[in-house]
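Counting convention: from 1, in listed order, for ligands and their atoms alike.
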Amino acid sequence: MSFFSRRVCVIGSGLIGGSLALALKQVGAVADVMGCGRNSATLQRALELGIVDHYSTDIAEAVQGADMVVLSVPMLAMRDVLAQIEPVMQPGMIVTDVGSAKQSVIDDARAVLGDKLGQFVPAHPIAGTEKSGPDAAFAELFAQRRVIVTPLAENSEADVARVVAMWECVGAMVECMSAEHHDHVLAATSHLPHLLAFTLVDSLARMDESREVFRYAAGGFRDFTRIAASDPTMWRDIALANSFEISLILQQYQQELEDLQRDLQTRNAQALFARFSRAQTAREGIKL
Ligand code: NAP
């Protein structure tokens with residue numbers, strides 16, 4: 001199915017919303033992009049960068065005339081944004097999101113969209129960087145990357161197909177799954193690593209000898225902690241939005257750390273080697 005929109009409204013024209021707008025423009029899949037956010041300065045920058053063609057800080061005004069509205073704001077802002085869109089949602093308008101956790105935004109939509117819930121198609125592109133804002137946006141971000149769509153029972157097949165087509169036309173590979181499964185898997189592969197990276201950097205930074213520790217930081221530290229430079233608001237919101245699944249995987253990981261501690265204290269070379277070998281084999285088999 002091909003995709004064309006006469007107007008996409010991107011609420012939150014930062015890294016993800018901005019990159020989607022640029023990508024849709026690059027492939028000629030949109031006639032007009034309307035930007036929306038809280039600050040005129042951010043939106044003016046998005047205009048200068050060619051991400052949006054117009055902007056408004058008024059959500060109800062911004063969505064007028066759009067056939068596709070993309071919510072690309074931090075997770076805890078979703079409910080308020082959806083509540084402001086609901087009164088002006090027209091038949092035929094699809095609202096979708098890019099949030100990193102799915103059950104919480106679905107709960108938000110159920111709470112505020114009433115009989116318009118079927119027009120909301122939840123989605124999450126598995127692509128990003130540690131940078132934020134319109135200056136971080138680039139059109140190629142989604143090429144060959146996965147996007148997960150978690151359709152609702154209330155969605156029409158046609159609306160889901162249109163959201164799938166939008167992502168496919170910017171080069172993404174789309175899969176559909178339940179929100180529950182999405183949140184379970186992403187807790188392990190994305191949310192846990194981010195929280196571990198933030199915690200590692202924070203705990204080292206608070207050590208008395210932190211200056212010296214960071215002076216001798218090398219490639220391993222850089223690779224493991226790059227994502228700790230990500231936006232704290234976004235990650236606070238993701239942590240809270242998927243707290244149940246993250247807690248479960250964190251508990252499991254804590255047990256693994258205790259086992260590691262025990263192997264170190266008992267100088268169990270065999271167990272350490274077995275753990276590192278299993279990880280090396282698994283890591284070599286992962287295509288990223
Ligand atoms: P970002 O670059 O910081 O962009 C967020 C945008 O939302 C900003 O332009 C901000 O502009 C606007 N905004 C913030 N609060 C708002 C509010 N209450 N009402 C309206 N606009 C608001 O963040 P991002 O990385 O694009 O992330 C956006 C969404 O994508 C998040 O839900 C995140 O979970 C998801 N996501 C992120 C990644 C990633 O790697 N970064 C990957 C996949 C999905 P103003 O400050 O001007 O309002």
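Below 4.0 Å from some heavy atom of N39 lie the following atoms of ligand 1, by number and element: 45 (P), 46 (O), 47 (O), 48 (O).
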Would you give me the side-chain donor-acceptor pairs under 3.5 Å for residues 76-83, sequence neighbours excluded?
| from | atom 1 | to | atom 2 | distance (Å) |
| --- | --- | --- | --- | --- |
| R79 | NE | D108 | OD1 | 2.8 |
| R79 | NH2 | D108 | OD1 | 3.1 |
| D80 | OD2 | Q84 | NE2 | 3.1 |

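The nearest protein atom to atom 46 (O) of ligand 1, hydrogens excluded, is given as R38 NH2, 2.8 Å; this is a heavy-atom distance. In this structure, atom 27 (O) of ligand 1 lies nearest to the protein heavy atom M234 SD, 3.6 Å. Distance from atom 31 (C) of ligand 1 to its nearest protein heavy atom, with residue and atom name: V73 O, 3.3 Å.
The heavy atom nearest to atom 28 (C) of ligand 1, out of those in G99, A62, S72, is found in S72. Taking each of I16, V10, L20, V98 in turn, the one with a heavy atom nearest to atom 26 (O) of ligand 1 proves to be I16. Here the shortest heavy-atom distance to atom 43 (C) of ligand 1, taken over G17, S132, G128, P125, belongs to P125.
Between S40 and T57 the shortest heavy-atom distance is OG-CG2, 3.8 Å. Nearest heavy atoms, H124 versus K102: CB-CD, 4.0 Å.
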Step by step, work out the side chain to side chain contact (heavy atoms under 4.5 Å, CB included) result for L20 and V70. CA-CA 9 Å; L20 177 61; V70 182; 3.9 Å; yes
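With S190 contributing its side chain and L186 its backbone, the two residues share no donor-acceptor pair below 3.5 Å.
Only side-chain heavy atoms of A77 come within less than 4.0 Å of ligand 1; its backbone N, CA, C and O stay farther off. At a 4.0 Å heavy-atom cut-off, ligand 1 touches S13 through the backbone alone. Counting heavy atoms closer than 4.0 Å to ligand 1, residue H124 contributes side-chain atoms (C-beta onward) but none from N, CA, C or O.
At a 3.5 angstrom cut-off on N or O pairs, G12 does not count as close to ligand 1.
With sequence neighbours left out, A239 forms a side chain to side chain contact (heavy atoms under 4.5 Å, CB included) with L195.
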